[in-house]
Protein chains: 4
Amino acid sequence: MFPIDVRDIRPIYEQIIDNIKEQVIKGILKPGDQVPSVRQLASMLTVNANTVTKAYQQLERQKIIETIRGRGTFIAHVTTKQVNEDELEDIRKTLKSSCMQLYYMGFSKEDVVKEISKIYEELIREES
Amino acid sequence: MFPIDVRDIRPIYEQIIDNIKEQVIKGILKPGDQVPSVRQLASMLTVNANTVTKAYQQLERQKIIETIRGRGTFIAHVTTKQVNEDELEDIRKTLKSSCMQLYYMGFSKEDVVKEISKIYEELIREES
Amino acid sequence: MFPIDVRDIRPIYEQIIDNIKEQVIKGILKPGDQVPSVRQLASMLTVNANTVTKAYQQLERQKIIETIRGRGTFIAHVTTKQVNEDELEDIRKTLKSSCMQLYYMGFSKEDVVKEISKIYEELIREES
Amino acid sequence: MFPIDVRDIRPIYEQIIDNIKEQVIKGILKPGDQVPSVRQLASMLTVNANTVTKAYQQLERQKIIETIRGRGTFIAHVTTKQVNEDELEDIRKTLKSSCMQLYYMGFSKEDVVKEISKIYEELIREES
DNA sequence: GTGGTCTAGACCACG
DNA sequence: GTGGTCTAGACCACG
């Protein structure tokens, strides 16, 4: 599967969320694909099952996966998510914090744009 | 001073850090300017003095402010911070998470670039 | 564990820092070893948990220990720390103060060298 | 006179103590020499008079200066100070902390000895 | 159970 | 008056 880094700043459940999202965006996981059960993934990543549960709950709330009782958990069929203003505001705060840190490291606006463009491109690079 | 938002995802001390950084970047606070004492700022924001202390300690470690014994706390004289690879890697992870969230909201690469450009520009608007 | 001396000139959190550093240097604590949890150490030393937290935070900043979310705190895997000129200058000032005190007690250069050699040797005695 | 560095880790009163001790050790100030009055030194260094008072009190307790009522303050006539075991123990703790810091910066015993020798020599270099 | 955040409040060192 | 240290204790996030 994918690696969990216990030293990562992000909590483990967020790493799981980010990894699955990334695989969906990159097309590695496609709508209808089954994802491992909570217990399977927990043992694959050697993390606590509660941690995977938390990640799956959030992914489900975000309509990225869906659980069908008795059958398992699957990648949802894409429904472009509508813009949530509160969430967007939180993202902006995060971006602003990152910008300030980069500013202090001497990054110009162009440097920042270059950085984020590269990140976005790597994400949606067709069939990675 | 500036508002503390208890509903903000960021802890209070981080909001304080971000706000002061922002004022320095925008040139509202200049090198040598005195910032409110721990107790003053605490009562202005109606937060506990320890919370302000924590924010100030981190700002001091980042060389953004400096404390002069018995006199108070001041904006540091700029010393361009050198790039820390570990820190940069953490920022990249944060940017990637934000990109994925924005992608799910339907933001194209151009939209994301526009968004971050606006944020960066607002930050340095008044020739810092 | 180790004793806290309330009469010591150093604050408690510094005594904790120094004690753990010493155990690491002496090889009593090895990379990967778990150190007591904040609460455990606090009750062992009968000090407040916040005091231990402060010591651990500084040790973490110095890359001597690392915290793994929900699992505990561990001795870091050694990464030789690079020389920080500012820090070195501070150490030199401290050494100079000590030298002057010793000079007044009648210590010759050879006495001082003998003293510090003994201290250093006791530190690394058991092949760390 | 001598410079006070408000950014120095040492409190101002300690800087004053250290500076006067240093001048005595180096022979710049000799037994019987008059030192500035508290108010004079305070205005020379632009520090608070209480700070100078504190420094002078400690220097007097250490028999390095002596105050003659109505006449002023003078460098004391040398009387080799006897070794105070408690004080020596404190110095050892300080030296140990410094050794540990230097050890973490990669200093060998020889490096540390070289460092402290240089500091001691610069101190007693005849007529600096 | 683990550490992180925050409060209220005391006391101290420095100036 | 300024920040630094420390306590007691609450509540939260993560696992």
Side-chain angles (χ1 to χ4, degrees), chain A residues 4 6 8-16 42 45-55 58, chain B residues 4 6 8-16 34-43 45-58 60 65-74, chain C residues 4 6 8-16 34-43 45-58 60 65-74, chain D residues 4 6 8-16 42 45-55 58:
Chain A
I4 290 300
V6 288
D8 198 311
I9 3 109
R10 295 170 299 169
I12 295 173
Y13 81 94
E14 257 186 55
Q15 294 183 49
I16 296 174
L45 303 176
T46 58
V47 300
N48 191 300
N50 294 330
T51 308
V52 178
T53 301
K54 182 165 188 182
Q58 293 207 14
Chain B
I4 289 301
V6 288
D8 198 311
I9 1 106
R10 296 169 299 168
I12 296 174
Y13 74 89
E14 257 186 55
Q15 295 183 48
I16 296 174
Q34 185 160 17
V35 295
S37 78
V38 168
R39 286 170 173 83
Q40 272 173 2
L41 187 53
S43 85
L45 303 177
T46 57
V47 300
N48 188 279
N50 292 330
T51 306
V52 178
T53 297
K54 182 166 187 180
Y56 276 16
Q57 280 172 345
Q58 294 206 14
E60 186 143 24
I65 61 176
E66 47 189 14
T67 289
I68 298 182
R69 243 180 312 267
R71 298 216 186 138
T73 305
F74 303 83
Chain C
I4 290 299
V6 288
D8 198 312
I9 0 109
R10 296 169 298 168
I12 297 174
Y13 75 89
E14 256 186 55
Q15 295 184 48
I16 296 174
Q34 185 160 17
V35 295
S37 78
V38 168
R39 286 170 173 84
Q40 272 174 3
L41 188 54
S43 85
L45 303 176
T46 56
V47 299
N48 189 281
N50 292 330
T51 307
V52 178
T53 296
K54 181 165 188 182
Y56 276 16
Q57 280 172 344
Q58 295 207 15
E60 185 143 23
I65 61 177
E66 47 189 15
T67 289
I68 298 182
R69 245 181 310 268
R71 298 216 186 140
T73 305
F74 303 83
Chain D
I4 290 300
V6 288
D8 198 311
I9 3 108
R10 294 171 300 169
I12 295 174
Y13 80 93
E14 255 186 56
Q15 294 183 49
I16 296 174
L45 303 177
T46 57
V47 299
N48 191 300
N50 294 329
T51 308
V52 179
T53 300
K54 182 165 187 181
Q58 293 207 14

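All chains are named by letter (A, B, ...) in the order of the sequence lines, taking the proteins before the strands, and each is independently numbered beginning at 1. In what follows, every heavy atom counts, from backbone to side chain, and hydrogens, waters and symmetry copies are set aside. Just so we're clear, the structure is a prediction, and the values are computed from it rather than from any experiment.
Residues of residues 46-55 of chain A having a heavy atom closer than 4.0 Å to DNA chain E: none are found.
Looking at residues two or more places apart in sequence or on another chain, you find no salt bridge (Lys or Arg N to Asp or Glu O under 4.0 Å) involving C:Arg71. Every salt bridge (Lys or Arg N to Asp or Glu O under 4.0 Å) that B:Arg10 has, sequence neighbours left out, goes to B:Asp8, B:Asp18. Under the rule for a salt bridge (Lys or Arg N to Asp or Glu O under 4.0 Å), the partners of C:Glu66 that lie at least two apart in sequence or sit in another chain are A:Arg7.
Take the nearest nucleotide of DNA chain F for B:Gln34 and for C:Pro11: the residue whose nucleotide is more 5' is B:Gln34. Between C:Ile68 and B:Arg69, the residue anchored closer to the 5' end of DNA chain E is C:Ile68, taking for each the nucleotide with the nearest heavy atom. Mapping A:Tyr13 and B:Arg71 onto DNA chain F via the closest heavy atom, the residue that lands nearer the 5' end is B:Arg71. Ranked by how close their nearest DNA chain E nucleotide is to the 5' end, B:Gly70 and C:Val38 are led by C:Val38.
Of the possible polar contacts, one joining the C:Glu60 side chain to the C:Thr67 backbone as a donor-acceptor pair under 3.5 Å is found. With B:Ser43 contributing its side chain and B:Gln40 its backbone, the two residues share a donor-acceptor pair below 3.5 Å.
Nearest heavy atoms, A:Tyr13 versus A:Gln58: CE1-NE2, 3.5 Å.
Taking the 5' to 3' direction, DNA chain E first and last meets chain C under 4.0 angstrom from a heavy atom at E:dG1 to E:dC6.
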Original post:
Starting at the 5' end of DNA chain F, what dot-bracket string do you get if Watson-Crick and G-U pairs under 3.5 Å are bracketed, crossing pairs use [ ], other-strand pairs use | and unpaired bases use dots?
Top reply: ||||||||||||||.

**OP:** Walk me through it: do C:Leu41 and C:Ile16 pass the test side-chain contact (heavy atoms from CB on, under 4.5 Å)?
**Re:** CA-CA 10 Å; C:Leu41 188 54; C:Ile16 296 174; 4.2 Å; yes

Subject >> Worked check of side-chain contact (heavy atoms from CB on, under 4.5 Å) between C:Thr53 and C:Asn48 >> reply: CA-CA 9 Å; C:Thr53 296; C:Asn48 189 281; over 6 Å; no

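Nucleic acid contact for B:Tyr56: none, since no nucleic acid atom lies under 4.0 Å from a heavy atom of the residue. Residue contacts shown for A:Ile12 are limited to sugar-phosphate atoms, with no base heavy atom under 4.0 Å away.
D:Thr51 contributes atom OG1, which lies 5.5 Å from atom CD1 of D:Ile12 (distance to the nearest 0.5 angstrom). Separating the CD1 atom in B:Ile65 from the CD atom in B:Gln57 is a distance of 9.5 Å, to the nearest 0.5 Å.
The side-chain heavy atoms of B:Tyr56 and B:Pro36, taken from C-beta on, include a pair separated by under 4.5 Å.
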